[in-house]
Amino acid sequence: MGNEGQPPATLHSKGCADVAIGVERLAKELPGLAFVPLQTEWLDIAVEKSQRTAPLVREIRKIAESESLHGAIDAIEGYEAANTGTIVYES
């Protein structure tokens with residue numbers, strides 16, 4: 001009780017858990033933790049395709065394909081921007 005909402009790595013470091021599922025960045029902030037990656041995650045942006053949203057979509061694509069965004073993402077340990085800006089489905 002009283003541990004709700006705490007990051008898994010924090011629970012582990014307090015001795016409340018032997019194993020915890022969490023993100024690499026937070027796990028590396030605490031000493032004595034080993035991180036074992038389980039899966040790769042990705043985020044998608046879904047936008048209604050219409051004349052009204054066309055300018056928004058163009059701007060999102062411009063930013064998502066930019067070297068500056070890719071560089072900023074790649075600079076974060078454990079993250080990569082290899083597919084950032086790629087359209088995976090369009091109707």
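Quick note: residue numbers are just sequence positions, from 1. Predicted model, so just to flag it, every value in this text is computed and none were measured.
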Members other than [X] in its cluster, when Ile, Leu, Val, Met, Phe, Trp, Tyr link by side-chain heavy atoms under 4.5 Å?
{"X": "Leu43", "result": "none"}
{"X": "Ile76", "result": "Ile63, Leu69, Ile73, Tyr79"}
{"X": "Phe35", "result": "none"}
{"X": "Ile45", "result": "Val47, Leu56, Val57, Ile60"}

Excluding sequence neighbours, so at least two apart, what forms salt bridge (Lys or Arg N to Asp or Glu O under 4.0 Å) with Arg58?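 Here no residue qualifies.
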What residues form a side chain to side chain donor-acceptor pair (under 3.5 Å) with [X], not counting sequence neighbours?
{"X": "Glu24", "result": "Lys28"}
{"X": "Thr40", "result": "none"}
{"X": "Thr86", "result": "none"}

Under the salt bridge (charged side-chain N to carboxylate O under 4.0 Å, His left out) rule, what pairs show up with a residue in residues 41-52, not counting sequence neighbours?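 Matches after skipping sequence neighbours: Glu48-Arg52, Lys49-Glu90.
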Kindly write out the residues that satisfy side-chain contact (heavy atoms from CB on, under 4.5 Å) with Glu80, not counting sequence neighbours, or none if the list is empty.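 In terms of side-chain contact (heavy atoms from CB on, under 4.5 Å), with neighbours along the sequence ignored, Glu80 is linked to Asp74, Ala82.
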His70 side-chain N/O to Ala64 backbone N/O, donor-acceptor pair under 3.5 Å: yes
